[in-house]
Amino acid sequence: MFKKEDEQQNNPFKEENFNKETEAEETVQDTEDTQDEPGNKEDSDNNTEKLQAELDSLNNKYLRLAADFDNFRKRQMTERESLLKYGAEDTLKKIITVLDTFERARKSVADMQECDKIKESYEVGLKQLYDTLDKIGLKKIEAKGEEFDPNLHEAVMQTPTNDYPANTVIDELQTGYKLFDKVLRPTFVNVATEGENNTSSGDTNE
């Protein structure tokens, strides 16, 4: 037979025994929680890496977008400056045909002595027109006496001569014009080529 003292000692509901069992359960739970900590830390590291990768991706997209916008802004500024600078191109192309008429009229009265006052008035008006157009940006392309430049001149004639070095413009047949640094129309010119006497004299010296 069990003694009453043993029964009380083995009673699971006795406060002392209940506290022991509770402590044991808490110890087991703490052990399990401790075992789970490395896994939680690894998950946290993975989440951090994912967030960092997303941040880097967003930052790269922002940098590309900012660069694209900056390039767009620069293109817009360049186009705007070009429009402001060359906006009068079509108008000036029409005006230079009027200048051609002025130039022809001046040549037609150049030898008329009795028209001195007319020529003087004409020269004043033409100079005023040229000065006004010069302020807008229209420039005459000087050619006579210059070396032929295909970017500025268009050779419509070639004349063998010993009076000018070869490839020199000896006459302007139609004036050319530029709008600032842009050629609106090249100057039509007569270009000197090497004369026959130079070739023959060279053969004689040999």
Side-chain angles (χ1 to χ4, degrees), residues 64-203:
R64 287 195 297 269
L65 182 62
D68 290 341
F69 177 76
D70 187 56
N71 291 334
F72 171 77
R73 181 179 59 82
K74 290 178 180 179
R75 285 196 302 270
Q76 289 293 101
M77 289 180 61
T78 301
E79 291 175 1
R80 183 174 179 274
E81 291 175 358
S82 178
L83 180 62
L84 292 175
K85 188 174 182 180
Y86 301 112
E89 179 177 348
D90 290 338
T91 301
L92 290 176
K93 281 183 176 180
K94 296 175 183 177
I95 290 177
I96 61 180
T97 60
V98 179
L99 291 175
D100 292 339
T101 302
F102 270 90
E103 293 286 357
R104 287 192 294 268
R106 179 169 61 178
K107 291 179 181 179
S108 67
V109 299
D111 298 328
M112 296 183 182
Q113 300 299 326
E114 66 275 11
C115 298
D116 288 344
K117 290 185 178 180
I118 297 176
K119 288 191 291 184
E120 183 179 351
S121 300
Y122 175 88
E123 292 291 344
V124 171
L126 184 61
K127 183 179 184 304
Q128 185 178 6
L129 177 59
Y130 272 120
D131 289 343
T132 301
L133 294 174
D134 184 78
K135 292 176 182 178
I136 299 175
L138 187 70
K139 310 284 185 181
K140 292 178 66 175
I141 299 177
E142 302 296 339
K144 189 172 182 177
E146 301 289 333
E147 183 177 1
F148 176 76
D149 184 349
N151 297 314
L152 302 175
H153 312 139
E154 184 172 337
V156 295
M157 289 183 63
Q158 291 184 337
T159 302
T161 178
N162 297 321
D163 297 331
Y164 296 91
N167 210 40
T168 300
V169 175
I170 60 178
D171 195 14
E172 297 180 11
L173 305 179
Q174 187 179 58
T175 306
Y177 295 93
K178 294 192 300 182
L179 177 57
F180 295 103
D181 56 349
K182 184 175 184 178
V183 176
L184 298 182
R185 185 180 73 187
T187 302
F188 292 175
V189 297
N190 182 7
V191 181
T193 59
E194 188 174 356
E196 295 180 358
N197 291 340
N198 286 345
T199 304
S200 61
S201 62
D203 294 339

Hey, could you give me the [atom1]/[atom2] distance between [X] and [Y], rounded to the nearest 0.5 Å?
X	Y	atom1	atom2	answer
L92	K182	CG	NZ	11.5 Å
T168	E147	OG1	CD	7.0 Å
T175	K144	OG1	NZ	12.0 Å

Any donor-acceptor pair under 3.5 Å linking the side chain of [X] with the backbone of [Y]?
X	Y	result
Q174	F188	no
T187	I141	yes
E194	A166	no

Check: Where is the tightest heavy-atom contact between E142 and E146, given as atom of each residue plus distance?
Finding: O-CG, 4.0 Å

Are [X] and [Y] close enough for a salt bridge, meaning some N to O gap below 4.0 Å?
X	Y	answer
K93	E89	yes
K74	D70	yes
K135	D131	no

Note to self: Angle between ring planes, H153 versus F148, binned at 30° and 60°: parallel, tilted or perpendicular?
What the structure shows: tilted

Check: [Y] and [X] side chains under 4.5 Å, non-hydrogen atoms:
X	Y	answer
I95	L133	yes
I170	D163	no
Y164	T159	no
V183	N151	no
Y177	K139	no

Checklist line | CD (Q76) with more than 12 external heavy atoms under 6.0 Å | finding: yes

Note to self: Counting neighbours of CZ on F180 that are heavy atoms of other residues, nucleotides or ligands and sit closer than 6.0 Å, is the number greater than 12?
What the structure shows: yes

Margin query: Could you go through L138 and I96, starting from their C-alpha distance and side-chain angles, then the distance that decides it, and tell me whether this counts as side chain to side chain contact (heavy atoms under 4.5 Å, CB included)?
Written below: CA-CA 9 Å; L138 187 70; I96 61 180; 3.8 Å; yes

Note to self: Taking side-chain contact (heavy atoms from CB on, under 4.5 Å) as the criterion, tell me which of V189, L152, N190, D149 meets it with V169.
What the structure shows: V189

